[in-house]
Each structure stands twice: as C-alpha cells, then as structure tokens.
Amino acid sequence: MSYYNYITTYFLVLATLFITLGCQQEQPEKPEEPDPVRRKSPIAIAKTFHPETNTYIKITYGQPSKRGRNIFGDIVPYNEVWRSGANEATEITTTNDIRIGGEKLRAGTYSFFSIPRKNKPWTIVINSQLGQWGAFDYNKTYDVLRVDGKARTKDKSTEIFTLQFTDIENDSTNIVMEWDYTIVKIPVTFINSDPTSSE
C-alpha cells in the first residue's frame, strides 16, 4: 500500500469513528419506568364518552387492596391530601371543558387528589402539577379547583379501591370512588350542554 493510500485509509477510519461516537452521544436517554417493586398496586383506567359534545374523560389510577386493614382514618388519614389511589398521583384527562362539582375545568390533564373527611363531604382537589409520586410533593399553589364530593358509608366493604363513572343521564355523570365501607360521588357536567357555559 502506498503512503498516500495509507494516509487516506487512516483518516477515513478516524472520521467514521468520530461520526459513530457523535451519533451515540446525541441519542436521548430512554425514560425509565418507576421501580416495579415500588409500584405495588396495579394500574387501572376509568373512562366515559359523551357523543353530543365529543368529550372523552379518562382517569388513570393505582388500585390498592384493603387486605384486612382499616382504611380511612388509619391507612389513609382524615383531613390530609391523598393521591386517590396508589403509586403515582391519580390523573384525570378531559378532551373538552367540563364542570366538576359545579366548577369549570378546562380541557387538559391534571392530578386528581382528595382529602377524606369523617362524616363530612370530602374535598376533591384538581392540581396542574403532573408526574407526582403519591402526594408527597403536593403543592397547593398548583391547585386549579377544589370541590366537595358527597361521601357516605355503605353496608358492604369494597376490597379493591375503584374509580368509575356512572351512566350518563341528562348530559351529566358522576365520578364514583369506592373503598372499604366508603363511597364518594362527584358530579360531572358536559359543559357544551350546560346552560351556564356562556361564560
């Protein structure tokens, strides 16, 4: 091999090496899921769709189990912000503006917290800060709205925490939370059918 060919080959190999290293460095790191050992409860989704307003609402949450424990007032304290489930904070997404508990909520995705109360309506908290683990970093500054949820005690215990929507009637539904002997209902209205939606 001539000296010229040797030099040319050397620089081609060197250039290829730099390009390869550069491409490897430019690739973004793949986001990691939370530690599966840490996430001990299964993920569930509650959803509803209102055809007249083309509104889709989805709630994503973790489903803890009772496992013989006393839940509200014990495992889940009264008068403290709760993630409304397990693992990451529960999140609610709506594709159009709606009303929750009579208060307007604009389309988007939010964290969904609650404050359990003993023998009183619960406080439902919609918060704009996403990606939280539980309610440990909850910041009231990011609250979008707070409304009451009607709570009552039922005769039969629910083993697995459940969030669901009731059937749509008169352009309205309810978010229903059930766990242990407690059930909480939060009214939801589809805003394009709401006569007060002109604001």
Side-chain angles (χ1 to χ4, degrees), residues 38-52 55-94 98-105 109-127 132-136 138 140 143-191 193-194:
R38 191 180 181 199
R39 184 190 278 163
K40 296 181 179 180
S41 299
I43 300 300
I45 292 176
K47 58 187 177 180
T48 190
F49 178 69
H50 187 245
E52 288 77 7
T55 301
Y56 174 69
I57 309 174
K58 176 181 72 173
I59 301 178
T60 305
Y61 66 103
Q63 282 193 305
S65 296
K66 175 177 166 61
R67 301 198 307 274
R69 302 174 295 175
N70 294 320
I71 301 302
F72 298 110
D74 190 355
I75 297 299
V76 178
Y78 289 122
N79 306 314
E80 294 184 16
V81 176
W82 178 46
R83 71 187 84 186
S84 302
N87 311 320
E88 295 93 340
T90 293
E91 290 186 356
I92 182 170
T93 298
T94 176
I98 57 175
R99 289 185 183 278
I100 292 185
E103 296 293 327
K104 185 175 181 180
L105 179 67
T109 299
Y110 305 88
S111 291
F112 181 103
F113 297 103
S114 56
I115 303 176
R117 311 284 190 192
K118 186 176 182 179
N119 302 322
K120 293 181 180 179
W122 284 25
T123 300
I124 307 303
V125 181
I126 306 298
N127 185 281
Q132 301 183 59
W133 183 268
F136 301 105
Y138 163 76
K140 186 177 181 180
D143 284 358
V144 175
L145 59 84
R146 287 187 170 210
V147 297
D148 285 343
K150 186 177 180 180
R152 67 175 176 84
T153 301
K154 55 196 186 73
D155 296 332
K156 187 177 179 180
S157 174
T158 298
E159 173 65 21
I160 299 174
F161 174 71
T162 304
L163 268 163
Q164 58 187 332
F165 290 92
T166 58
D167 292 338
I168 296 172
E169 294 183 9
N170 299 320
D171 300 318
S172 297
T173 183
N174 291 279
I175 298 170
V176 180
M177 296 193 291
E178 288 188 72
W179 201 17
D180 203 1
Y181 291 97
T182 300
I183 182 169
V184 182
K185 286 188 177 182
I186 308 104
V188 174
T189 304
F190 297 96
I191 204 164
S193 301
D194 183 352

message: Name the residue from Thr94, Ile186, Ile57, Val144 that meets the side-chain contact (heavy atoms from CB on, under 4.5 Å) definition with Ile100.
response: Ile186

- request: Nearest 0.5 Å please: distance from the CD1 atom of Ile191 over to the CG atom of Asp171.
  value: 12.0 Å

message: So, taking the atom named CD1 in Ile43 and the one named CD in Glu88, what distance separates them when rounded to the nearest 0.5 Å?
response: 5.5 Å

task: Give the minimum heavy-atom separation between Phe72 and Tyr78, together with the two atoms involved.
output: O-OH, 3.6 Å

- request: Using the side chain to side chain contact (heavy atoms under 4.5 Å, CB included) rule, take Ile124 and Met177 through it: C-alpha gap first, then chi angles, then the decisive distance, then the call.
  value: CA-CA 11 Å; Ile124 307 303; Met177 296 193 291; 4.0 Å; yes

task: Run the numbers on Asn127 and Gln132 for side chain to side chain contact (heavy atoms under 4.5 Å, CB included), then give the verdict.
output: CA-CA 11 Å; Asn127 185 281; Gln132 301 183 59; 3.7 Å; yes

query: Should the heavy atoms of other residues, nucleotides or ligands under 6.0 Å from CG of Asn170 be counted, would the total exceed 12?
result: no

message: Ignoring hydrogens, what is the shortest heavy-atom contact between Tyr138 and Asp143? Give both atom names and the distance.
response: OH-OD2, 2.7 Å

task: Check whether any side-chain heavy atom of Asp74 lies under 4.5 Å from a side-chain heavy atom of Arg69, and answer yes or no.
output: no

query: Distance-only, no hydrogens or angles: does the Thr90 side chain make a donor-acceptor pair with backbone N or O of Ser84 under 3.5 Å?
result: yes

message: What I'd like to find out is whether the side chain of Glu178 reaches to under 4.5 Å of the side chain of Lys156, using heavy atoms alone.
response: no

task: Anything under 30° is parallel, anything over 60° is perpendicular, the rest tilted; go ahead and classify Trp82 against Trp179.
output: parallel

For the student: nearest non-hydrogen atoms of Tyr181 and Asp155, plus distance: CE2-O, 3.2 Å

Side chain to side chain contact (heavy atoms under 4.5 Å, CB included) assessment of Tyr56 paired with Lys58: CA-CA 7 Å; Tyr56 174 69; Lys58 176 181 72 173; 3.8 Å; yes

message: Let's go through Tyr61 and Phe112 carefully: what are the C-alpha distance in whole Å and the side-chain angles of both, what is the deciding distance for ring-ring contact (aromatic ring centres under 6.0 Å, His included) to 0.1 Å, and is it a yes or a no?
response: CA-CA 9 Å; Tyr61 66 103; Phe112 181 103; 9.5 Å; no

query: Is there a donor-acceptor pair closer than 3.5 Å between any side-chain N or O of Thr166 and the backbone N or O of Asn174?
result: yes

task: Working to the nearest 0.5 Å, report the span between OG1 of Thr109 and CD1 of Ile126.
output: 11.5 Å

query: More than 12 non-hydrogen atoms from neighbouring residues, nucleotides or ligands closer than 6.0 Å to NZ on Lys66, yes or no?
result: yes

query: Which pair of non-hydrogen atoms, one from Gly101 and one from Val147, has the smallest distance, and what is that distance?
result: O-CG1, 4.0 Å

- request: Going by the side-chain hydrogen bond (donor to acceptor under 3.5 Å, both in side chains) test, name the single residue among Lys120, Lys118, Arg117 that passes it with Asn79.
  value: Arg117

query: With distance as the sole test, does Gln63 use its side chain to make a donor-acceptor pair with the main-chain N or O of Phe161 at under 3.5 Å?
result: yes

- prompt: So do Ile175 and Ile92 actually touch side chain to side chain, heavy atoms under 4.5 Å?
  reply: yes

field: Exercise: identify the closest heavy-atom pair between Lys104 and Leu145
entry: O-CD2, 3.5 Å

task: Could you tell me whether the side chain of Phe136 reaches within less than 4.5 Å of the side chain of Arg83, counting heavy atoms only?
output: yes

message: Tell me the closest heavy-atom pair linking Ala86 and Pro64, and the distance in Å.
response: CB-CD, 3.7 Å

query: How long is the span from the OG1 atom in Thr173 to the NZ atom in Lys185, to the nearest 0.5 Å?
result: 9.5 Å

query: Where does the angle between the aromatic ring planes of His50 and Phe190 fall among parallel (under 30°), tilted (30 to 60°) and perpendicular (over 60°)?
result: parallel

task: Apply side chain to side chain contact (heavy atoms under 4.5 Å, CB included) to Phe165 and Ile59, showing your working.
output: CA-CA 10 Å; Phe165 290 92; Ile59 301 178; 3.7 Å; yes

